[in-house]
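Everything on this sheet refers to the single structure shown next.
Below, chain A is the first sequence line, B the second, and so on; all start at residue 1.
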Protein chains: 4
Amino acid sequence: MTIRVGIIGATGYTGAELVRILSRHPEVELVALTTKSYIGKPYWEVYPHLYKYNRMTGEKMDLPYLLEACDAIFIALPHGHSMAVALEAAGRGVKLIDLGADFRLADYRVYEQWYRVAHVARELLPAAVYGLPELYRESIKDAWLVANPGCYPTSAILALAPLLEKKLIDPGTVIIDSKSGVSGAGRGLSLGSHFSEVNENFKAYNIAGHRHTPEIEQELGKILGEEIRVSFTPHLLPVTRGILSTVYAKLSSPVEQDELLELYSDFYREELFVRVMPRGMLPQIKWVAGTNHCDLGLVTDPRTGRVIIVSAIDNVVKGASGQAVQNMNLLFGLPEDTALAGPGLYP
Amino acid sequence: MTIRVGIIGATGYTGAELVRILSRHPEVELVALTTKSYIGKPYWEVYPHLYKYNRMTGEKMDLPYLLEACDAIFIALPHGHSMAVALEAAGRGVKLIDLGADFRLADYRVYEQWYRVAHVARELLPAAVYGLPELYRESIKDAWLVANPGCYPTSAILALAPLLEKKLIDPGTVIIDSKSGVSGAGRGLSLGSHFSEVNENFKAYNIAGHRHTPEIEQELGKILGEEIRVSFTPHLLPVTRGILSTVYAKLSSPVEQDELLELYSDFYREELFVRVMPRGMLPQIKWVAGTNHCDLGLVTDPRTGRVIIVSAIDNVVKGASGQAVQNMNLLFGLPEDTALAGPGLYP
Amino acid sequence: MTIRVGIIGATGYTGAELVRILSRHPEVELVALTTKSYIGKPYWEVYPHLYKYNRMTGEKMDLPYLLEACDAIFIALPHGHSMAVALEAAGRGVKLIDLGADFRLADYRVYEQWYRVAHVARELLPAAVYGLPELYRESIKDAWLVANPGCYPTSAILALAPLLEKKLIDPGTVIIDSKSGVSGAGRGLSLGSHFSEVNENFKAYNIAGHRHTPEIEQELGKILGEEIRVSFTPHLLPVTRGILSTVYAKLSSPVEQDELLELYSDFYREELFVRVMPRGMLPQIKWVAGTNHCDLGLVTDPRTGRVIIVSAIDNVVKGASGQAVQNMNLLFGLPEDTALAGPGLYP
Amino acid sequence: MTIRVGIIGATGYTGAELVRILSRHPEVELVALTTKSYIGKPYWEVYPHLYKYNRMTGEKMDLPYLLEACDAIFIALPHGHSMAVALEAAGRGVKLIDLGADFRLADYRVYEQWYRVAHVARELLPAAVYGLPELYRESIKDAWLVANPGCYPTSAILALAPLLEKKLIDPGTVIIDSKSGVSGAGRGLSLGSHFSEVNENFKAYNIAGHRHTPEIEQELGKILGEEIRVSFTPHLLPVTRGILSTVYAKLSSPVEQDELLELYSDFYREELFVRVMPRGMLPQIKWVAGTNHCDLGLVTDPRTGRVIIVSAIDNVVKGASGQAVQNMNLLFGLPEDTALAGPGLYP
């Protein structure tokens with residue numbers, strides 16, 4: 001099989017990571033790398049780590065051509081740009097994997113409220129599948145439009161799913177304290193990503209207002225079977241890659257730590273990319289850097305009646321491009337870990 | 001006035017920071033720098049940033065001499081070592097400022113339970129004053145034995161004091177998610193402070209079991225007037241200096257954000273070292289690095305009924321040696337910010 | 001004495017460092033902070049580490065007002081902007097300290113060749129003094145226009161001055177391999193200062209073409225008494241502050257290492273800010289971070305007949321704003337280390 | 001084919017990198033991981049990034065067993081430990097790849113002088129092949145004992161080989177200014193690898209005395225056909241992985257930059273792992289991190305008559321374990337890039 005793939009927005013960090021991952025994918029042929037800023041430029045000049053590995057050239061997006069030439073298209077653009085693409089692509093037989101937020105929220109009003117953009121492709125929302133394979137594997141296989149999850153939501157949802165499914169925690173007590181590397185802010189220039197401002201620094205941002213909040217709540221609510229409101233606080237780590245989420249919740253009734261660890265191990269037993277750490281071992285972002293893993297660990301605190309779950313992912317891989325390729329593998333009936341297996345670099 | 005000062009344990013990071021701060025203190029004369037590892041070695045060879053500024057030599061601790069020669073002694077040793085020193089010093093007229101944990105917990109049983117060491121100076125506990133000037137300024141002035149607060153507790157207590165004093169939050173809902181730079185682990189070698197293990201990494205540690213937990217609970221309980229149990233999770237940031245604590249609590253009843261900011265501004269109005277950030281601005285550790293400040297910011301979240309407070313300190317300064325000098329200034333009737341005033345480096 | 005000071009270009013990193021240093025200068029009153037990007041904005045909003053310390057507001061540059069109101073003006077702008085200011089200021093009795101390159105090169109043709117800008121104030125060049133106090137202290141005292149040295153040149157010239165003055169090395173063999181922190185690139189946004197591009201990275205840049213080359217050669221040539229051509233290679237370190245230069249030269253004839261160390265100690269005996277490290281100790285940038293020091297160390301290599309000198313400065317302090325204040329102190333007859341003395345932070 | 005592989009010293013960083021690389025090698029079966037510090041411990045507990053990927057246990061070295069069970073043995077120990085192993089292995093048909101220094105220097109007296117250890121396996125030195133495939137590919141194929149090059153030498157030799165072979169530079173003028181990440185110092189604890197000492201710091205070390213100097217000189221001398229003395233200065237970068245060497249030499253006569261670039265491209269035309277950067281592009285360590293590449297770039301400076309070559313490798317991969325696997329591939333007639341091909345992570 002050869003899957004002809006186009007990447008819209010190939011010169012951002014998630015685009016570059018797609019190129020890197022797909023370059024070792026045995027069934028993929030890259031057809032087009034579109035860009036706004038680097039049209040006509042050899043791609044390896046934009047990303048010299050790919051020198052001698054990629055000989056393509058950045059090109060202006062030509063959607064009719066892409067829809068013709070591709071079996072799958074990744075959209076690696078900021079939110080707001082995928083709706084128009086999806087409207088054109090609908091019914092054309094092309095698979096769309098959108099790394100942006102446009103199709104993640106089932107309710108367009110929630111989208112419009114949090115993203116301050118009109119949703120112009122509401123009619124496609126029912127067709128969109130939330131691309132978290134660990135929860136929606138079967139639906140993804142049959143979809144044509146996959147909404148690849150946000151980075152923070154991936155780390156938070158996988159951390160909480162087993163507890164919510166078993167209704168072991170009080171949903172009103174969930175707090176998600178997340179810390180992300182700077183690559184999550186993309187390659188666009190801003191004072192907030194300027195080396196001398198970020199280095200040796202650490203801060204919280206968008207408290208009680210980050211756009212990943214409704215996405216997390218939607219997905220946790222689906223697992224739980226009822227609405228849920230969480231506190232979600234993102235922070236900026238002075239590292240390039242990685243998200244660590246520390247998640248707090250009150251246990252509905254006392255449970256042993258080992259029992260919960262077993263629950264998690266069972267819940268994720270068949271998963272290739274979720275590693276439940278044994279008792280006494282807690283995830284670290286460097287253990288998953290460059291991989292599609294989500295590492296999970298947990299501790300119960302009888303003193304406070306809380307469980308604290310720690311989850312670690314690489315924001316660019318499992319939090320974006322790796323998960324997108326995982327979804328592509330599902331869409332085309334390939335082994336889910338094609339081009340994604342293997343441990344990361346250490347140290 | 002000349003205060004003759006000795007530092008026990010001068011070659012660790014908090015000892016070195018005491019030397020640096022005191023080197024610009026107009027009323028202090030350093031009398032002795034004791035060390036175990038560098039006896040007989042010029043101090044500037046141990047810390048070459050002090051080359052040409054310090055001409056002292058590391059010496060073996062000679063307590064009788066210190067008690068004779070000093071007006072004030074800082075103890076910058078790990079817990080467990082200050083009790084013997086204090087027993088000797090009691091009644092000798094010397095002021096002791098202990099940067100370790102031995103005299104922070106009023107109840108020796110709590111100390112013994114969390115630190116796994118017998119408390120051999122229980123009789124001195126009533127005399128010890130918890131050295132957080134913003135809360136105990138008057139008692140410190142009259143003390144001879146000051147228990148300098150832990151770094152995490154300093155950041156957590158200052159973040160919560162106004163809310164607890166006014167009983168605006170539900171005490172059972174307090175969660176303190178703290179992130180510290182690596183200098184907090186000291187200069188002793190360990191894999192956990194090894195560059196290649198910490199760099200580009202981030203982790204939680206000692207969840208539900210860190211020894212600063214009872215210290216935080218003791219102090220919050222004193223403000224509140226009743227027992228309190230909190231969840232406290234420390235994390236290791238890949239930076240040298242700084243602690244940022246993100247603190248969550250349910251509001252007892254809805255309060256406006258501006259009202260709370262005003263409460264904080266009032267509470268800390270006379271404080272030289274606590275800066276309440278204006279609405280929309282949240283603390284960052286780089287803004288306080290190298291200073292004795294504690295910066296505070298907060299956000300209310302009507303969706304969840306929570307308040308989220310962010311607090312930033314330099315763990316080596318306000319979290320240790322700076323606060324210790326602040327206490328010394330109080331003990332000797334000096335302006336509290338002597339040798340401590342001024343903004344830090346940026347960037 | 002009160003020196004009324006204005007800073008043109010106060011919101012860049014060197015401007016901010018001037019504000020920080022001058023905020024603890026007992027004889028200075030800040031009169032105006034000019035800016036292009038932050039007109040009307042409280043200065044502490046631009047640099048929140050100064051919150052509660054600075055209550056000024058960024059203002060548009062009003063040169064006639066500045067010339068009227070100030071005793072001294074620091075120009076912290078990129079090259080090309082100081083010539084017009086100096087033309088206006090000439091003869092007005094105001095002292096100008098230019099942190100840019102416009103008045104560093106005595107020969108306007110060299111300036112125009114390397115900076116690709118016409119020099120429109122050629123007639124002022126003879127009046128400009130190169131503001132390296134260790135070499136030109138007496139001339140600086142009488143000047144009205146001081147050309148503050150570049151960061152790399154400061155580190156290179158101080159490293160080589162003793163050897164060149166004594167003609168101990170072959171001038172044709174000098175190689176200066178320099179490594180700078182990212183703050184040297186300023187606060188302006190660029191991919192080259194974008195966190196994820198710089199972090200965990202290291203590169204050489206502008207090999208054989210950096211604009212500090214003619215400045216270094218001019219100054220080394222003046223010491224030597226003849227023309228000199230050097231190889232100068234700048235590199236970008238993934239740290240915020242610091243320059244370390246490793247300098248190579250062939251010794252004209254064999255000399256003992258200790259003899260050279262003594263030569264250096266003698267040469268800089270009266271200098272407050274140059275620290276010659278003892279045998280076996282080599283400078284490190286963290287030992288000078290935040291200070292106005294230049295630390296020097298050297299090794300002779302009998303196998304190759306070379307001497308290798310290592311020099312470390314903080315690029316923002318001794319390499320820019322600290323040296324500028326040192327010059328101001330000289331201009332106004334103050335102790336040279338006013339507001340500049342003291343060791344830096346460590347760790 | 002299945003190559004049965006043992007790793008002696010598997011729990012250091014180069015050992016762990018061998019495990020990582022070999023875990024994706026289709027022809028390799030790991031037979032034993034020996035260790036001193038972690039005997040009986042699951043290997044993934046020592047290196048949790050390998051959790052679920054490696055199920056082996058650290059074991060005490062049992063050389064007779066290894067010689068029996070293995071087709072190839074990697075020795076990832078500090079210098080001084082491989083001689084005894086090699087003496088036992090000689091004539092047993094096992095291939096030895098030594099990542100230490102014991103067999104790199106052809107002259108045992110040079111080894112003993114620089115390493116201060118007696119060479120107890122002198123008779124094996126003639127059999128040892130210096131494992132730099134780009135220069136000695138054919139000899140490696142037939143060897144049983146491969147001396148894997150040092151990290152700094154790899155970066156320096158590949159940078160200079162084309163120029164020396166063509167005798168285009170004056171050999172007496174070669175200066176190699178190298179900067180290495182901290183992982184090069186290994187996993188052993190020392191103040192020099194302690195996070196708070198290294199972070200935001202930079203220093204030169206072992207000037208004119210580093211043990212890689214004679215190795216560099218031996219290899220450059222072999223290419224040149226005569227003895228050569230170079231200045232080599234290592235520095236410590238505050239990053240985990242990467243070496244960048246900036247190499248200076250006087251050109252024997254003027255040559256155009258493009259001519260030299262063509263020479264380099266020709267010299268390395270068939271090499272899979274050496275990438276000669278096009279004019280105007282210089283290597284950066286992040287572009288090779290995690291890969292077996294050596295990137296090379298150069299600039300000529302007509303002003304000084306020098307050529308400046310920049311070379312970048314990952315010290316743990318091309319500088320150690322990757323190159324070792326490259327050698328193993330050669331020893332067993334496999335495609336040289338098996339388990340080694342592919343671009344690295346970026347950013």
Walk me through whether Lys179(A) and Thr246(A) qualify under side-chain hydrogen bond (donor to acceptor under 3.5 Å, both in side chains). CA-CA 8 Å; Lys179(A) 303 86 176 174; Thr246(A) 312; 2.8 Å; yes
Please look at [X] and chain B and tell me whether the side chain, the backbone, both or neither of the residue comes under 4.5 angstrom of a heavy atom of that chain.
{"X": "Thr304(A)", "result": "side chain"}
{"X": "Val174(A)", "result": "backbone"}
{"X": "Leu237(A)", "result": "side chain"}
{"X": "Pro238(A)", "result": "both"}

Among Leu236(A), Thr300(A), Leu282(A), the residue with the most heavy-atom pairs under 4.5 Å to chain B is Leu282(A)
Given the options Glu217(A), Arg241(A), Lys250(A), which has more heavy-atom pairs under 4.5 Å with chain B than any of the others? Glu217(A)
Polar contact flag, side-chain donor to acceptor under 3.5 angstrom, Tyr346(A)-Glu197(B): yes
Distance-only polar pair, side chains of Thr173(B) and Asp170(B), donor-acceptor under 3.5 Å: no
Ring of Tyr47(A), cation from Arg20(A) - is the NZ or CZ under 6.0 Å from the centre and inside 45° of the axis? no
Value rounded to 0.5 Å, distance of CD in Glu219(A) from NE2 in His212(A): 12.5 Å
Which bit of Arg306(B) comes within less than 4.5 Å of chain A, counting heavy atoms only: side chain, backbone, both or neither? side chain
Quick check on Ile175(B) against chain A: is it the side chain, the backbone, both or neither that has a heavy atom closer than 4.5 Å? side chain
Looking at His235(B), Lys286(B), Lys203(B), which makes the most heavy-atom pairs under 4.5 Å with chain A? Lys286(B)
Count the heavy atoms of every other residue, nucleotide or ligand shown that sit under 6.0 Å from NZ of Lys167(B), and state whether that count exceeds 12. yes
Check Gly184(B) against Asn315(B) and note the closest heavy-atom contact, atom names and distance. N-ND2, 3.2 Å
